[in-house]
2 protein chains.
Amino acid sequence: MVSDDLFADPPEDTQEEILQAAFEVLQEQGYSGLSIQRIANKVGLQKASIYYHYPDKDDLLLSFVDHILDRMESDLIRTADVSPKRQLEDILDSLLLDDRASTSAVEISPPSDNLLKVFIQIRAQATHNSDYQDRIAAIDERHEEHLAAIIQRGIDAGEFRDVNPNQVATALSTFILGSFSRRATGTPVSLEPVHKSMCSYLENSVYI
Amino acid sequence: MVSDDLFADPPEDTQEEILQAAFEVLQEQGYSGLSIQRIANKVGLQKASIYYHYPDKDDLLLSFVDHILDRMESDLIRTADVSPKRQLEDILDSLLLDDRASTSAVEISPPSDNLLKVFIQIRAQATHNSDYQDRIAAIDERHEEHLAAIIQRGIDAGEFRDVNPNQVATALSTFILGSFSRRATGTPVSLEPVHKSMCSYLENSVYI
DNA sequence: ACAAGACTAACAAACGTTCAGTCGGTAAAA
DNA sequence: TTTTACCGACTGAACGTTTGTTAGTCTTGT
């Protein structure tokens, strides 16, 4: 099983190693299989040793979720010094297209399949856990604000019509979320048609 | 806790009562809290009694998932004897708008919040369990075929442009999935802006 | 009397958690 | 320089609880 990393740099302390292990266990066993024992096995520690680094499981999971969501957010939100239209298309390209034949100005790498799967699982916990719900809601909100700002820039620059930025932003982020959910939970299907429809929406309803 | 029913008619045999109980436990405790003990408590039985009705937990969960997905699919897929354009709009209205000020021709009730939450949780299991993955993929496919058929009818009837039905259908179903995920995992937010954007996409890119 | 359906009781395994103890290394005291 | 104390990191064993599951028994309607 090839599993990519939770951290940009290789984990330095044991705490980070533990979070990386949790990341892998969650991919393989799902949230209900995410036990201290399995995390410990993955790190190569006794399960009692986990309690030296984290006071309890809840605390460990909280740290873990924070890291995952931070990582996810950094993939979703990037500033770039290009035209609004170009920026919007770069975002959609990088998030929805699998092949990296990217003509993108800024190098935006899409969330990996593994990160997406974990993200979707954490999101699912938000259905019954209000702590998770708050964090997810916060991410959604910031993502939308980011998109709305781009659209507002486009309107100001005369590139976009006088649409409601928040409305379009909500639609875009909902669309992106749907694509992520598809990629993570269905059979691997090309999102190219989705991307095409999205572009034609922008062409015909948003751009001048 | 007000929980709506998994079955249209009140459950008749104990087997159905058990599935209904599982439905409620899953809402309250999530997938990792879905234990035989809690299901038994909810039905008012000893946990050993569950094993009189189902051979083991796997089998119970399989039946449960089948029921949930059937129910979900029947909400997603409805035939109606109206114009393609009207049918498409009825579908979007019923799936995305919360208030029931519906001017819909056929009475389409949207999936309840509880059903959506459970659906999203089951979907999340598909990230690491191939049995679930297959079922989810099958649902997605039938949902898309349903939408594609409507679009094809629209093209034939001269109401729609000569778009690629499958491409548009994929986009629509992805969009709907995103809305569901939003409703189930974020803070309760109005999907009205999403609906508006979707309509303007159809107006400007699909309808004649 | 018979079978359907629910019960009690017990099982091994896995769960999260605690705690006393061990080991290597570093810093202070002799 | 040797001894002592300390400390961070980890181990091993045990705890009480919950998990899924089985076996056997009792109750109830036919």
Side-chain angles (χ1 to χ4, degrees), chain A residues 6-7 9-68 118 121-122 124-125 128-129 131-132, chain B residues 7 10-68 118 121-122 124-125 128-129 131-132:
Chain A
L6 171 53
F7 299 94
D9 310 303
E12 297 192 346
D13 39 24
T14 311
Q15 289 197 35
E16 288 191 357
E17 277 183 49
I18 291 173
L19 297 187
Q20 170 69 30
F23 183 60
E24 293 170 22
V25 172
L26 186 49
Q27 287 169 48
E28 295 164 15
Q29 314 272 358
Y31 200 89
S32 52
L34 185 55
S35 70
I36 300 284
Q37 180 68 67
R38 286 209 255 252
I39 294 175
N41 288 148
K42 189 74 84 173
V43 191
L45 283 179
Q46 291 299 112
K47 68 172 170 173
S49 306
I50 305 291
Y51 287 86
Y52 177 79
H53 299 280
Y54 294 94
D56 56 22
K57 196 189 182 186
D58 259 11
D59 214 86
L60 196 168
L61 287 186
L62 237 54
S63 294
F64 174 68
V65 168
D66 275 343
H67 273 81
I68 293 287
V118 167
Q121 291 213 55
I122 290 177
Q125 306 306 313
H128 54 98
N129 182 327
D131 287 339
Y132 285 48
Chain B
F7 299 95
E12 297 192 345
D13 41 20
T14 311
Q15 288 197 35
E16 289 190 354
E17 277 183 49
I18 291 173
L19 296 187
Q20 170 69 30
F23 183 60
E24 292 169 22
V25 172
L26 187 48
Q27 288 168 50
E28 296 164 14
Q29 315 271 358
Y31 200 88
S32 51
L34 185 54
S35 71
I36 301 283
Q37 180 67 67
R38 285 208 255 254
I39 295 175
N41 288 147
K42 188 75 85 174
V43 190
L45 283 179
Q46 291 300 112
K47 68 172 171 171
S49 304
I50 304 291
Y51 287 85
Y52 178 80
H53 301 278
Y54 293 94
D56 56 22
K57 195 190 182 185
D58 259 10
D59 214 86
L60 195 167
L61 286 187
L62 237 55
S63 295
F64 174 68
V65 167
D66 274 345
H67 272 82
I68 294 287
V118 168
Q121 292 214 55
I122 290 177
Q125 306 306 313
H128 54 99
N129 182 326
D131 287 339
Y132 285 50

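In what follows, every chain begins at residue 1, and chains take the letters A, B, ... in the order their sequences are listed. Note that the coordinates shown come from a computational prediction; the quantities given were computed from them, not determined experimentally.
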Original post:
Counting side-chain heavy atoms from CB outward, which of dC15(C), dA13(D), dT17(C) is closest to Ala48(A)?
Top reply: dA13(D)
Original post:
In whole angstrom, what separates Gln15(B)'s CD from dG5(C)'s C1'?
Top reply: 12 Å
Subject >> Selection from dG20(D), dT17(C), dA6(C) that lies nearest to any side-chain heavy atom of Ile36(B) >> reply: dG20(D)
**OP:** Select base, sugar-phosphate, or nothing to describe what Ser49(A) touches, counting heavy atoms under 4.0 Å on all strands.
**Re:** base
Original post:
How long is the line joining CZ of Arg38(A) and C1' of dT19(D), in whole Å?
Top reply: 13 Å
Subject >> N or O in side chain of Tyr52(B) less than 4.0 angstrom from dA6(C) OP1/OP2 >> reply: no
**OP:** Evaluate the side-chain proximity of Leu62(B) to Asp59(B): yes if any heavy-atom separation is below 4.5 Å, no if none is.
**Re:** no
Original post:
Whole-Å distance between dC19(C) P and Ile50(A) CD1?
Top reply: 18 Å
**OP:** State which of dA10(C), dT18(C), dA14(D) makes the closest approach to the side chain of Lys47(B).
**Re:** dA10(C)
Original post:
Taking for each residue the nucleotide of DNA chain C with the nearest heavy atom, is it Asp58(A) or Gln46(B) whose nucleotide lies nearer the 5' end?
Top reply: Gln46(B)
Original post:
With respect to the side chain of Leu45(B), which nucleotide from dT19(D), dC15(C), dC7(C) is positioned closest?
Top reply: dC7(C)
Original post:
Of all the nucleotides listed (dG20(D), dC15(C), dC10(D)), which has the minimum atom distance to the side chain of Ser35(A)?
Top reply: dC15(C)
Subject >> side-chain N/O His53(A) vs dC10(D) OP1/OP2, d < 4.0 Å >> reply: yes
Subject >> For Lys42(A), the option from Gln20(A), Glu28(A), Glu17(A) that meets side-chain hydrogen bond (donor to acceptor under 3.5 Å, both in side chains) >> reply: Glu28(A)
**OP:** Let me know the distance between CG of Leu34(A) and C1' of dG16(C), rounded to the nearest Å.
**Re:** 13 Å
Subject >> Side-chain N or O of Thr14(A) closer than 4.0 Å to phosphate OP1/OP2 of dA9(D) >> reply: no
Subject >> Rounded interatomic separation in angstrom, taking CD from Gln37(A) and C1' from dT18(C) >> reply: 16 Å
Original post:
What is the distance, rounded to the nearest whole Å, between atom OH of Tyr51(B) and atom P of dT21(D)?
Top reply: 4 Å
Original post:
Under 3.5 Å, side chain of Gln121(B) to main-chain N/O of Tyr31(B), donor-acceptor pair present?
Top reply: yes
**OP:** Could you check Asp66(B), Leu60(B), Ile68(B) and say which one makes a side chain to side chain contact (heavy atoms under 4.5 Å, CB included) with Leu19(B)?
**Re:** Leu60(B)
Subject >> Rounded interatomic separation in angstrom, taking CD1 from Ile39(A) and C1' from dT17(C) >> reply: 14 Å
**OP:** Mark yes or no for whether Tyr54(B), through its side chain, and Leu61(B), through its backbone, hold a donor-acceptor pair below 3.5 Å.
**Re:** no
